[in-house]
Amino acid sequence: MIQLGYFKILRVLLCFSAVILFSCTTKKNTLVTRTFHNITSKYNGYFNGNESFKEGVVALEKSWVDDYLEILPMYQYGNPVLATSVSPQMEKAIQKATTVIQRHEITAEPGAHKKGKKGRKDKKPKAKTQKTKDNEFTFRQWIDDSYLLIGKSHFYKCDYPKAVDMFEYVSKKYKKYPTRFDAMLWLIRSFTESKEIAKAQTIFDLLNDKKISKKMTGRQKMELTALQANFYLKEKNYSLAMEPLTKAVDQSSDKSEKTRFTFILGQLYETMGNREKAMHYYTRVLNMSPDYEMSFNAQLKRARLADVSDRNRNELVRQLKKMVRDEKNKDYLDQLYLALADVMQKEHNIPLTIEYLKFAAAVPSKNATGKGHAYLRIADIYFGNENYVLSKLYYDSALSTLPETFTGYAGIRSRRNILKDVVKYIITINTEDSLLKLAAMTEKERERVVQGIINRINEEEAKKKQEEQSQIIFPGVNPNMPNPGTGTGSTGQWYFYNPATVSFGYAEFLKRWGNRKPEDNWRRTNKMQTVQADSDVEEDEEGDETPPPSSADLKNKNFYLKNIPLTSTQQALSETRIIEAYYSLGIIFKEQLQNYNQAIRTFDDLMKKYPNNKYQLPAYYQLYRLYLMNGDIAKSNYYKNIIVAQYPHSDFARIITDPEYIKELQSETDKAKRFYEETYRLYSAKMYGEVISRCSGTDSLFPKNPLLPKFDFLRAMATGYSATLADFERELRYVIKHHPGDPVEARAQEILNYIMGQKGKIDIIQDTVIRLYEIDEKASHYYIFIGNRNIDIEKQKILFSNYNSVFFSSENLKVESMLMDTSASMIIIKEFPGKEKAMIYYEAIKKSNTVLVQVNPGDYSHFIISSKNFPVFYEVKNTGQYLAFFEEKYLKK
């Protein structure tokens, strides 16, 4: 009996096993196989993959830091650096979903296994199927969801091309299922993030069609509305974003999402100047019981929107001060100080506004851009008050702390670059003028003045140290705070009489660059530079700056006395530098800053101090034009009459009296410009002989050619490539001699100085002129790690391999190692489909806490390089040279 029972159990087990094995096949489409694959797909592969995906999304949102000083993004994704931190979760989701597709997708038509059997008809398929173009039926339970999960995982990794491929596949193949619309919504997200505006708009138009829209679920319609608002926000079209965002707030059932959307709506109304609506939505946010950070910022927004003319002004300030003292707000002090600065600025209390902004920049903060906002506002205030020296310094600080994605970043950089020249000319005028005044004194008078300067610097330092020791957390009103000033400082004030300006510049320098040795190219980590021929190419933003004097220099008499122009020749050169600076400064005020009143003052100062200077005629013409633009006809006619009477045959007189003459000049200029562009194209094509020939004849072809300096410089560069070093030197000296004051003079002098300092080196021309590398962002790229003998390269190779298997497993990256030379080895990771992907990997490696953490920074270099540039690099083996190229073309972009 016992034996019989055993065989019964065995038979049952064998039958059950047979059913399981039978149902595992994907070649048959029966109730048993469908049920088995459906259950296994849902509760094994897809469930685990989706759980991993959700874990990654939660982790990303936790690591996301919102910048409440900017309009918040509607969704917390799209940051390539943060995306690498959730790559393991997304890779696991992709792996699980792929397994579901590979093991559980039934491709057989229901009843197909019975076809051909006598007397039986094929049954009509009842499964979740759809006939494809080639008349095959595909069983789709959980398969469409798995494809969608793969696409979403790629999306959160910021791999938008792969995500788009998956979403497009789902939207086209699964047309009769709701998954199709989910895929199209994710396509909108992908195209919005990758800035493919036209493609995103096409899908919007399709889904907004009434026939299509009625097939969508309520959730999908709500998502479409929210994505429409997100699309307009990304495009900074705030007026169009209002309506869909308002609908999304009303339709959303997710509390966290609803609160976030409401806050953004308040920000939009605040940006558009609707104070009442903004206050309304910020109040709604507070009523939604948000997390502390959003609650704090909603309260702060309401406080900053308060009208200072209201009776609650004092209460508002008291409340903000109370919030400053609250320990819970220690991470938000910068925002509180910015709010207090708002109140002071509305009351036109500029000194206290600046003081609060300085505190906002000084306190620690979890918001990386808070410091940049404070610096920017200080810079704007000083700029508005025409204190261009301090304005430029604070724009420098703002650019060094704000991300390049910050709204208006390019405009800030452009203004800073203009002010860089303004400050240079102001300092030239003030310094040379002060030195000339010192030269006119007796030796004892000079020493007495210099000692007075040193004493004031010592007093300033002692005062500053005392303030730092006694400084309390919250600043009060300081009645002795100096006025920021309203002038350029170009009217005779001696530069060194203002130790605050000098010491401030020095402090800013140390804060940003450290205590660097004063030497050529002090800003560069690698001193090798790439010289470009076209003087229109923008120079390194800070490359022409030199470090300010040290604290010891400022207290040394010889620092002030050594450059005093005591001979008539030295004084004449000093005056020439002042004249050049005045005229250049006036042109910048007029053409680039459109500050016509300041331009008038500058040209007036030039003509009063140096009435017979070489710019007399053009300065008169500039004053004529400036007064005309300001509507002062009487003064405009005054300068017009001078030009016509004293310089009747000049171009300026003919321009005033003959309106057609300027067209003739413009025509000649246009011809010269086209000729230069053609010549430069030949230069780029390395046709140096033709370039030299064309440049040599320009003075006869275009007698009044304003581009002549550029032609001469281009000829010099072509000579450098095609002739001897002596010929190159000769051409550079010609440019320097014949074009003083022109930008090409400085460029030529820089190259000549380098050549003269490097004579005897075999690779002089290669290092200074020939550009070995070319940027190609779409070419495939490699990541390169170069380690010296102190690094175990095989161990490091394993660390890279392990990291890639976790964070970049779907990229199929190869890790190779090779000997670079007798002192260094190289690890090559390849390959990436373009610059953008390679830079994401580079930034991820920098932030990794496993790959580089055990190696000394001085023992290795790492960078990315295109497959086109790699053979050149490996042949030259000049790491420092390539790093300079990498810094210029990759890191500064």
Side-chain angles (χ1 to χ4, degrees), residues 383 385-388 418-419 421-430 432-433 436 486-493 572 574-670 672 702-709 739-743:
F383 183 84
N385 288 335
E386 298 183 355
N387 190 328
Y388 298 119
I418 294 171
L419 290 183
D421 289 333
V422 170
V423 170
K424 179 176 70 175
Y425 294 131
I426 288 174
I427 291 177
T428 297
I429 292 168
N430 290 345
E432 297 294 340
D433 187 61
L436 286 171
T486 57
T488 66
S490 60
T491 56
Q493 181 187 9
S574 182
E575 290 179 351
T576 299
R577 286 191 284 271
I578 293 175
I579 291 167
E580 295 284 352
Y582 264 122
Y583 187 77
S584 299
L585 191 59
I587 293 297
I588 293 175
F589 282 138
K590 175 177 176 280
E591 302 294 341
Q592 293 181 275
L593 296 179
Q594 283 81 51
N595 188 335
Y596 301 141
N597 290 331
Q598 192 63 267
I600 288 171
R601 286 194 291 270
T602 303
F603 286 122
D604 273 340
D605 284 343
L606 170 62
M607 298 312 298
K608 287 175 183 175
K609 291 183 178 182
Y610 305 97
N612 297 316
N613 70 83
K614 68 176 184 178
Y615 292 113
Q616 185 182 52
L617 175 57
Y620 283 153
Y621 181 77
Q622 294 296 343
L623 287 166
Y624 154 72
R625 292 291 303 164
L626 285 162
Y627 280 119
L628 188 64
M629 287 186 285
N630 270 4
D632 192 334
I633 304 302
K635 287 190 176 180
S636 176
N637 286 336
Y638 170 78
Y639 286 104
K640 170 185 173 181
N641 294 334
I642 290 177
I643 294 169
V644 173
Q646 296 183 15
Y647 308 94
H649 303 297
S650 67
D651 286 336
F652 294 109
R654 293 187 63 183
I655 289 170
I656 293 172
T657 57
D658 182 6
E660 295 298 317
Y661 181 67
I662 195 169
K663 294 181 181 179
E664 295 177 21
L665 289 178
Q666 186 62 49
S667 176
E668 288 299 309
T669 301
D670 290 342
F702 309 105
K704 296 181 179 180
N705 176 18
L707 298 178
L708 184 59
H739 304 294
D742 192 273

Which heavy atom in Arg577 sits nearest to a heavy atom in Thr428, and how many Å separate them? O-CG2, 3.9 Å
Selection residues 625-644 - residue pairs positive for salt bridge (charged side-chain N to carboxylate O under 4.0 Å, His left out), sequence neighbours left out: none
Can you tell me how far CD1 of Ile429 sits from OG1 of Thr602, rounded to the nearest 0.5 angstrom? 7.0 Å
The criterion is side-chain hydrogen bond (donor to acceptor under 3.5 Å, both in side chains); which residues satisfy it with Ser574, sequence neighbours excluded? Glu432
Going by ring-ring contact (aromatic ring centres under 6.0 Å, His included), name the residues that satisfy it together with Tyr425, two or more places apart in sequence or in a different chain. none
Interatomic distance, Ser650 atom OG to Ile656 atom CD1 [nearest 0.5 angstrom]: 7.5 Å
Set of residues satisfying side-chain hydrogen bond (donor to acceptor under 3.5 Å, both in side chains) with respect to Asn613, sequence neighbours excluded: none
Do the rings of Tyr621 and Phe652 sit parallel, tilted or perpendicular, given the 30° and 60° boundaries? tilted
Could you tell me if the side chain of Val422 sits less than 4.5 Å from the side chain of Phe589, heavy atoms only? yes
Sequence-distant partners of Asn597, side-chain hydrogen bond (donor to acceptor under 3.5 Å, both in side chains), two or more places apart: Asn630
If you measure from CG on Asn641 to OH on Tyr620, what distance do you get to the nearest 0.5 Å? 12.5 Å
Shortest non-hydrogen contact from Leu626 to Ala599? CD1-CB, 3.8 Å
side-chain hydrogen bond (donor to acceptor under 3.5 Å, both in side chains) partners for Gln616, two or more places apart: Tyr647
If every non-hydrogen atom of Tyr627 is compared with every non-hydrogen atom of Asp604, which pair is closest and at what distance? OH-OD2, 3.5 Å
Side-chain touch Gln598/Leu593, heavy atoms, less than 4.5 angstrom: no
Just verifying a value: how many Å separate Met607 CE and Ile579 CD1, rounded to the nearest 0.5 Å? 9.5 Å
Sorted by chain and number, sequence neighbours left out, salt bridge (charged side-chain N to carboxylate O under 4.0 Å, His left out) with Glu580 holds for Lys614
Worked verdict on Leu436 versus Ile578 for side chain to side chain contact (heavy atoms under 4.5 Å, CB included): CA-CA 11 Å; Leu436 286 171; Ile578 293 175; 3.8 Å; yes
Compare all side-chain heavy atoms of His739 with those of Leu708 and state whether any distance is below 4.5 angstrom. yes
Closest heavy-atom pair, Val644 versus Ala653, reported as atoms and distance to 0.1 Å, is CA-CB, 4.4 Å
Value for CG (Leu585) from NZ (Lys590), rounded to nearest 0.5 Å, stands at 14.0 Å
For Tyr388 versus Val423, what's the shortest heavy-atom pair and its separation? O-CG2, 3.4 Å
With Tyr615 via ring-ring contact (aromatic ring centres under 6.0 Å, His included) - residues at least two apart: Tyr583
